[in-house]
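Heads up, the thing below is written out as structure tokens.
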Amino acid sequence: MLPPLSPAEEKLLLDFADPEAPADGNWTLSANNSLMALLAHAEFHGVLPIMLRKLREIGDANLPADTALQQKLAELRDQATLATGQSMLLQYHGDRIMKALAAKGVAARIVKGPVFARKLYRHAADRPFTDIDILVDPARIAEANSVIAACGFELASGEAQSHELQEFKWLEKDNSSLLIELHGNLVHDTGMRRRLSLGFRELQVIDGDEADTPAALLTIAIVHAAGGHKFHRLQLCVDVLQGVRVLQSPAAETRLLETARMAGIELELATVLNVTGRLFDEPRAIALANRIKPDLAIRLAKWLITGNVLLRVNSRDKMRSRLSRDAFRWVQRLARARRYAA
């Protein structure tokens, strides 16, 4: 369980987690519990690289003169360097597999991790990743699996369950820390897939003649936060926050809303953008969320998923957070699909 944070410390955590919030050194930083607790929370929530960068920008000379704190920072910085190297190695293998897939005529795209780091973040190191996610059309899964196996990876997930979830986990034979995930759909919960879907063909429609458009990136981030990991850490909302920031034109906003209707993710879009906007005081996210006409499911989802639910996933209130997030999953499963005119 993480150490408790005061409301002021939670606000400071969000400032550290926001890649665009300035590291101006005007924060009140204390080595006596506060800063150490913030580092623990940042590590749990996947935003530690952003916090470490900002602390470097502030300068160690301006941090509390505490031996334990300096030792902890040195340890975390070493770990961050290793994580950056791991991300680079994963990217190499991802590119190698993509070339092999192309040679076999299997259309595929890498999603999330390295694409988010490159397209959504000013500092790519702010968004390390621990696997490579490759998306293909469900009809090409068998061919794609054969290609990945030929590249020196072995299946680490049960075949029957993988087919059901449309998610295959592959580990490199000589280095089991290298994980490749092959997806036929980014929505793995079969109970939700009757209403929402985000696969290779849907992303092609969203992107049109381009690749990795802002609308597509934000849609993927929203589905990742609400359809996959159920708001278990802040990094999911930071991806969404950055996705909102690259959505810079009315036409892109319209494309996003059309995408939500097409993919059946209006509930998820409204919920994720609402909580992200309120956590990081981003009015555009809230405005976009409010452009989805709320029904009972959306109202209930917004009530269930609040900033405190995310911030206290691993705190003394973790049971309340878990119950809210589990209830949200049932809302997703029971919500009716809205009609979409193609």
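Just so it is clear, the structure is predicted and the values come from calculations on it, not from any experiment.
Annotation: Met1, atom CE; neighbour count of heavy atoms from other residues, nucleotides and ligands within 6.0 Å is above 12. Around CD of Gln161, the count of heavy atoms belonging to other residues, nucleotides or ligands within 6.0 Å does not exceed 12.
Side chains of Lys169 and Leu179 form a contact here, defined as non-hydrogen atoms less than 4.5 Å apart. Here the side chains of Val309 and Thr306 are in contact, with some heavy-atom distance below 4.5 Å. By the 4.5 Å heavy-atom criterion applied to side chains, Gln235 and Arg127 are counted as neighbours. Under the 4.5 Å side-chain criterion, counting only non-hydrogen atoms from C-beta, Val272 is not in contact with Ile305. Contact check for Asp133 versus Ile180: no side-chain heavy atoms found under the 4.5 Å cut-off.
Of all heavy-atom pairs between Glu10 and Asn308, the closest is OE1-OD1, 4.2 Å.
A salt bridge between Lys293 and Glu266 is absent, with no side-chain N of the basic residue lying under 4.0 Å from a carboxylate O of the acidic one. Salt bridge annotation for Asp326-Arg322: present, with a cationic side-chain nitrogen under 4.0 angstrom from a carboxylate oxygen.
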**Check against salt bridge (charged side-chain N to carboxylate O under 4.0 Å, His left out), Arg193 and Asp189** = CA-CA 6 Å; Arg193 212 182 293 146; Asp189 188 296; over 6 Å; no

**Prompt:** Leu267 and Val331: side chain to side chain contact (heavy atoms under 4.5 Å, CB included), yes or no, with the steps?
**Reply:** CA-CA 9 Å; Leu267 183 153; Val331 170; 4.0 Å; yes

**Request:** Show the numbers, then the answer: is there a side chain to side chain contact (heavy atoms under 4.5 Å, CB included) between Glu43 and Leu76?
**Result:** CA-CA 9 Å; Glu43 185 172 19; Leu76 292 173; 4.0 Å; yes

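Between Asp212 and the choices Arg109, Lys112, Lys119, the salt bridge (charged side-chain N to carboxylate O under 4.0 Å, His left out) rule is met once, by Arg109.
Identified under the side chain to side chain donor-acceptor pair (under 3.5 Å) test for residues 135-152, with sequence neighbours left out: Asp137-Arg201, Arg140-Glu143, Asn145-Trp170.
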